[in-house]
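Everything quoted here is computed from the prediction, not taken from an experiment. Below, each value reflects all heavy atoms present in this structure, side chains not excepted, and no hydrogens, waters or symmetry copies. So you know, we letter chains A, B, ... as the sequences are listed, proteins then strands, and number each from 1.
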Amino acid sequence: MPGNCSPVSLPLATRLTRLLARLVLYAVLWSVLAGLDGRSWIIGLPAVSAAACCSLFFAPQRLCPLSPLGLLRFIPFFLNLSFWGGCDVMRRALSPVMPLNPGLVRYQVSLPEAPQQVLLLNCISLLPGTISADFSGQCLTIHTIDRDMPVWSTVHLLERRVAAVFGLRLAGGAP
Amino acid sequence: MMDAMGIFDMVLALALPWLGWRLLASPDLFRAMVLFISLGLLMALTWVRLQAPDVALAEAAIGAGLTGALFLSALRRLERLSEAERRLAFAGKREEEDEIPPERHRRAKPVAYGLALLLLAVFVLLLAWSLAQTPAGGGLGPAVGEQLGQSGVRSEVTAVLLNFRGYDTLLEVMVLFLAALGVWSLTRVRLPLQDEEPGPVLATLVRLLAPLMIMVAGYLVWIGGSRAGGAFQGGAVLAAAGVLLLLANVTVVRQIPAALLRWGLALGPLLFLLTAVVCVAAGGNLLEYPPQRAGAWILLIESASAVSIGVTLAALYAGGRPPEPPAQDRGGEQGPGRDADADAGGRQ
Amino acid sequence: MNTLLFYDFSGLALLAIGLHGLIRSSHPLRKILAANLMTSGVFLIMISGARGTGQTMIDPVPHAMVLTGIVVSVSTTAVALVLVCLVQETTNRALLWQKRKREKWGRTDG
Amino acid sequence: MGLLHNLGTVCILLGIPFFISGTIGLLRFPDIYTRLHALTKADNVGLGFVVLGLSLQADGWHTVARLLLIWLLVLIASSASCHLVARAALRKKIEPWSRP
């Protein structure tokens, strides 16, 4: 939950680094939004610092470092899957007989931290044939549009990829 | 010209009243409100077609989004109340016959209907009359275009809002402030607004979006000087961030000191009023900025108003004054009244 | 020129429907919705007039007024909604429930 | 420039069928969950194509970055709201439709 933990207990150096990283990130974002006009920083500077402070305030206490290589490999994987997700829905919606066979599937998530889980949950909703419907404890309820699809193996593959984004290796195996 | 876009215009112009009719005729209030939100979005599309991008932004953010959220939360509150009442009735309390008898209702109908028709006819006549009175080729467009150079901004709408007709906007900010005062003096907000846990997805979404919304609000205020945007749109985005925080049941929101909220509420109106007074004191008219500094003044007022509008709209969504702090004793309770009085006194 | 007239009439129709609903509907929330429809209609007439008057130039004054109007209408709506909730709380009358029961057999304008 | 522009137009036109099929799915599908499928996925791909086409036609990195930001935000918002709607529906005990 955001805000439940205040970042007070972290050492000062870590907090400063995190603040600095956020300042740089939001400054880049501001220059994307407002262009390279120097005068825009009259508003930009307060906005960037407010956004950075707000973001730091809500940041989770434990760090979840990203792995750049994993992220780079995740993007094409995700784009490909979400494209096929769109095509799949288009086929079902336009076909006269509407091949639907929906149902609920449960899946045990082994990702440990909230940001990773949320990334998984959000990506599942864009995959072909699945949306994440509920999540409590480590148990994920998935609504699938076609029960004959290999839901479990797709989600498992996605989970390993998400873990790779955060530089983790999951112990893979059968359910 | 009249081909594709003309047909689009016609469909859009027909869809608006049709949606309005469906909305009022639907027996289910929840459905009516969803239809209202979609009507607001279609209105935003209409503003774009009518070359009013500023209005389109404001309509999409405030007219559709925020008003819809207000309606939905009010409906939820009413339903929760009536649920409690129903339980009470079933528990053995005899319900009283306080319903308006249907006969009286039916008898009142033709009168009301006739009155509506009469009012409508009068209005149509007035409108036709005033449209006929409008001088041909008139409008204030050319006049605004001429004076735009010395307004300090490059966007016509912002120039009208904050320079040429600044007193309108001043009064309007005051209306917003008064609305917040009214709501605050009526009830106290009951947090959390949601009964159930928000869940990790909503929590992460809020964490991600709240800083981005602050950035976008700043961008809208900045871009208001030259293109579509401004204090209202920026303030609406800030308010949306506030609504999101309230919905996600973030604990930080509950810990914001009430004094800070009050200052946020009053910042825009106070600064606006101060500017107006300073302008008069410097020998000009109300809100007649010095021409060289006009741009800076407008930017200052706009940023302050954006913050205030954001806080005000979020407070209106919360629907009451901040809850009592749990740790402190009654000292905090005296505060709001005194401060509000001071603000009201300062305005007169 | 034609398309402008569409929007004029559309705004007028919205206004009429809103007025009708404001008087005829029994539930306060529906009344507030109807009032919002009326303001939308007025805004539509104003903006469509702003485009119509000048052939080349848009009149920005009505745009600014409508912007102001949108904010004023949301604040009045908010106060009205809080008042409705308060009325229900203080009179302890299950407004929604009873009205809904009546609407089931009393509706003729749907 | 001309080639890129035409390529962009093709991409935008490619996006339209996705939007249309998403809307058709919204109207045809039987229950709230399957409708969420239609809305989230098809619209996301459609918007991706439109953003791709507009980026090909854009006149600088600046516009491209802004368009990508828009797409990313819509992606996050739509998938998150899809999850939230489905979650609320499940908690309200709305049974998913299943083929009889």
A.B. asks: For chain D, which of Leu29(A), Leu127(A), Asn101(A), Ile124(A) has the most heavy-atom pairs under 4.5 Å?
C.D. replies: Leu127(A)
A.B. asks: Hey, what do you get for CH2 (Trp71(D)) to OG (Ser55(D)), rounding to the nearest 0.5 Å?
C.D. replies: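 Spacing of CH2 (Trp71(D)) from OG (Ser55(D)) equals 10.0 Å.
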A.B. asks: side-chain contact (heavy atoms from CB on, under 4.5 Å), that's the test. Do Arg91(D) and Asp134(A) meet it? Break it down for me.
C.D. replies: CA-CA 9 Å; Arg91(D) 302 229 159 158; Asp134(A) 202 352; 3.1 Å; yes
A.B. asks: Suppose a student defines contact as a heavy atom less than 4.5 Å from any heavy atom of chain D. Which residues in residues 73-95 of chain A would they list?
C.D. replies: Phe78(A), Leu79(A), Ser82(A), Phe83(A), Gly85(A), Gly86(A), Cys87(A), Val89(A), Met90(A), Arg92(A), Ala93(A), Leu94(A), Ser95(A)
A.B. asks: Roughly how far, to the nearest 0.5 Å, is the CG atom of Leu126(A) from the CG atom of Asn44(D)?
C.D. replies: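 Rounded to the nearest 0.5 Å, the CG-CG separation comes to 5.0 Å.
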A.B. asks: When only heavy atoms count and the cut-off is under 4.5 Å, which of residues 116-123 of chain A reach chain D?
C.D. replies: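 Checking residues 116-123 of chain A against chain D gives Leu121(A), Asn122(A).
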A.B. asks: First locate atom OG1 of Thr34(D), then atom CZ of Arg28(D), and finally report the distance between them rounded to the nearest 0.5 Å.
C.D. replies: 11.5 Å
A.B. asks: For the SG atom of Cys139(A) and the OH atom of Tyr107(A), what is their distance to the nearest 0.5 Å?
C.D. replies: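 Reported to 0.5 Å precision, the distance equals 11.5 Å.
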A.B. asks: Test side-chain hydrogen bond (donor to acceptor under 3.5 Å, both in side chains) on Glu159(A) and Ser110(A) and set out the steps.
C.D. replies: CA-CA 8 Å; Glu159(A) 191 182 13; Ser110(A) 41; 3.1 Å; yes
A.B. asks: Shortest non-hydrogen contact from Pro30(D) to Leu100(A)?
C.D. replies: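 So the minimum-distance heavy-atom pair works out to CD-CD1, 3.4 Å.
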A.B. asks: Hey, mind stepping through Leu66(A) and Phe166(A) against side-chain contact (heavy atoms from CB on, under 4.5 Å) and telling me if it holds?
C.D. replies: CA-CA 4 Å; Leu66(A) 291 174; Phe166(A) 290 91; 3.6 Å; yes
A.B. asks: Please classify the contact between Thr130(A) and chain D as side chain, backbone, both or neither, with a heavy-atom cut-off of under 4.5 Å.
C.D. replies: backbone
A.B. asks: When rounded to the nearest 0.5 angstrom, what is the spacing between CD1 in Ile142(A) and OG in Ser132(A)?
C.D. replies: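 The OG atom of Ser132(A) is 7.5 Å from CD1 of Ile142(A), to the nearest 0.5 Å.
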A.B. asks: Go through it in stages, so that I can follow the logic: the residues are Ser98(D) and Arg147(A), the test is side-chain contact (heavy atoms from CB on, under 4.5 Å), and I'd like the CA-CA distance, side-chain angles, deciding distance and then a yes or no.
C.D. replies: CA-CA 10 Å; Ser98(D) 62; Arg147(A) 271 181 287 188; 4.1 Å; yes
A.B. asks: Could you look at Ile20(D) and say if it's the side chain, the backbone, both or neither that has a heavy atom under 4.5 Å from chain A?
C.D. replies: neither
A.B. asks: Look up atom CD1 in Ile131(A) and atom OG1 in Thr141(A), then write down how far apart they are to the nearest 0.5 Å.
C.D. replies: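 Those atoms lie 11.5 Å apart.
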